[in-house]
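Keep in mind the model is a prediction, meaning the values are calculated, not measured. Counting starts at 1 for both ligands and their atoms, in listed order. Heavy atoms only: backbone and side chains are in, while hydrogens, waters and symmetry mates are out.
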Amino acid sequence: MAAGPQREILRDPWLKKQKRKLLEIDCRGRVVLPGLIDSHTHPVFAAPRLVDFEKRISGASYQEIASAGGGIRSSVAAVRKATRGELAERVLLALNAMMAHGTTTVEAKSGYGLTTKDEIKSLQAIHDAAAQWPGTVAATLLAAHVVPPEFAGKDDEYIETICREIIPRVARAKLASFVDVFCERGAFTLAQSEKVFSAARSHGLGTRAHVCQFTPSKLDSLLSFQPASLDHMDCVASEEISALAENGTVATLLPGANYFLGHHDYPDARRFIDSGVAVALASDYNPGTSPTLSMPFVMSLACTHMKMSPEEAIAAGTVNAACALRLHGRKGSIEPGKDADIAVWDVQDYREIAYWFAWNRCSEVVIAGQHVWSSTRS
Ligand SMILES: [Zn+2]
């Protein structure tokens, strides 16, 4: 992309040659931002979890729902039954809806298959959908989401399967850029998470983790793998935060989950920002705990419930999120040489994007220099 004063840009030799093909979008009175980057999503699922939703309203906790057979495991049964084509269709629907909310780059995880075959099917569905979508998709293997029912009580054996079978096959087929793990009570221990990270590293894949969502955890052993991002981070000790800053790892905060679970507490963004940690915001789009794909809504939650300023929320959904995906060389800002991924907002002041909460003000989307979406055409 070229960026700068109009007179200079029009002198660009390539632009001069293409002059006839150029489309001019009049953005006067509107706000132009880099395309938003949603750096944490779980789009490969087959159905919403409405029973869980109702149970939670009547007082059941996340852990109680999981032990009653709901939660992640109920999504697993549905994904195993679904075909690759059915899943790809759902992923593409989500990607298009994300684009209509200004999102041009998405990280998408597997994690509801939990067998070699079904995790590969999920990642293939992500790739099939991404091939039909103009934006950029970074795929992540999340086989270590929860212990599947057939491995109940044998979680170390499941970890072995992930490390010896699933990760090598996914790496060989180039189906993912990252490996993720849910390091949490009721999911996987720190020692098991380290094994997963170690297998990922030896197969040339990047690492990221769900950690400290419900219970605190030491982070130094995970940080030694140089993960691109640690996500959720609701309950983190202060000494862990300084380690994070030193390591250059992004903290990706996911307030959509706190909102939907009805929590009063939100991740303490100020502690991270004031300690020099780069904070990213993401939707955590998933059927159990965060069925939203609206980054503007997430940015609004960050302002109202996490005391982030509107500027900080925008940086967290663009340039910092690009770092969380190791795509900052190409994405996250409007700069010469980067991909021309741009979202235009039908507001006069950038602060309005988070101010008009749960209201999508995105009006145009440009991806790689192509005008791909307009609110007036949809
Ligand atoms: Zn997640």
Side-chain angles (χ1 to χ4, degrees), residues 37-46 48-49 52-53 56 62-63 65-66 70-76 79 90-91 94-95 98 103 105-114 119 122-123 126 137-147 162 176-188 193 196-197 200 206-215 217 222 227-236 249-261 263 266-267 279-295 297-298 301-302 316-317 321 324-325:
I37 298 178
D38 194 343
S39 57
H40 182 137
T41 81
H42 304 250
V44 194
F45 60 86
R49 293 217 298 261
D52 297 9
F53 180 48
R56 191 171 305 111
Y62 180 91
Q63 275 90 354
I65 289 168
I72 295 169
R73 287 181 186 89
S74 60
S75 292
V76 170
V79 162
R90 288 196 72 100
V91 175
L95 292 175
M98 288 171 180
T103 299
T105 296
V106 175
E107 184 261 13
K109 306 174 198 294
S110 65
Y112 297 117
L114 310 185
E119 284 297 299
S122 300
L123 291 169
I126 291 171
V137 178
T140 296
L141 170 69
L142 178 58
H145 200 184
V146 71
V147 179
I162 292 173
S177 325
F178 295 100
V179 172
D180 195 340
V181 57
F182 190 13
C183 179
E184 186 58 65
R185 190 186 297 157
F188 297 98
S193 304
V196 171
F197 270 18
T207 49
R208 52 203 317 110
H210 291 63
V211 66
C212 300
Q213 182 178 7
F214 303 115
T215 52
S217 168
L222 295 182
S229 173
L230 295 181
D231 299 20
H232 282 294
M233 307 293 269
D234 287 74
C235 29
V236 186
T249 295
V250 177
T252 299
L253 310 182
L254 309 165
N258 301 65
Y259 170 82
F260 191 72
L261 293 173
H263 289 178
Y266 280 74
V279 165
L281 289 166
S283 70
D284 194 16
Y285 174 63
N286 79 78
T289 61
S290 191
T292 182
L293 39 69
S294 168
M295 285 293 287
F297 178 54
V298 169
L301 283 179
L325 296 180

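- Among the atoms of His210, an N, O or S atom is found under 2.8 Å from the Zn ion (ligand 1).
- Side chain to side chain, Glu184 and Thr215 meet the donor-acceptor criterion of an N or O pair below 3.5 Å.
- When only modelled atom types and interatomic distance are considered, His232 and His40 share no side-chain donor-acceptor pair under 3.5 Å.
- Looking only at N/O/S atoms, His40 comes nearest to the Zn ion (ligand 1) through NE2.
- The N, O or S atom of Asp284 with the smallest distance to the Zn ion (ligand 1) is OD1.
- When ring centroids are compared, Phe53 and Phe260 come within the 6.0 Å threshold.
- Here the shortest heavy-atom pairing between Ser290 and Ala257 reads OG-N, 3.7 Å.
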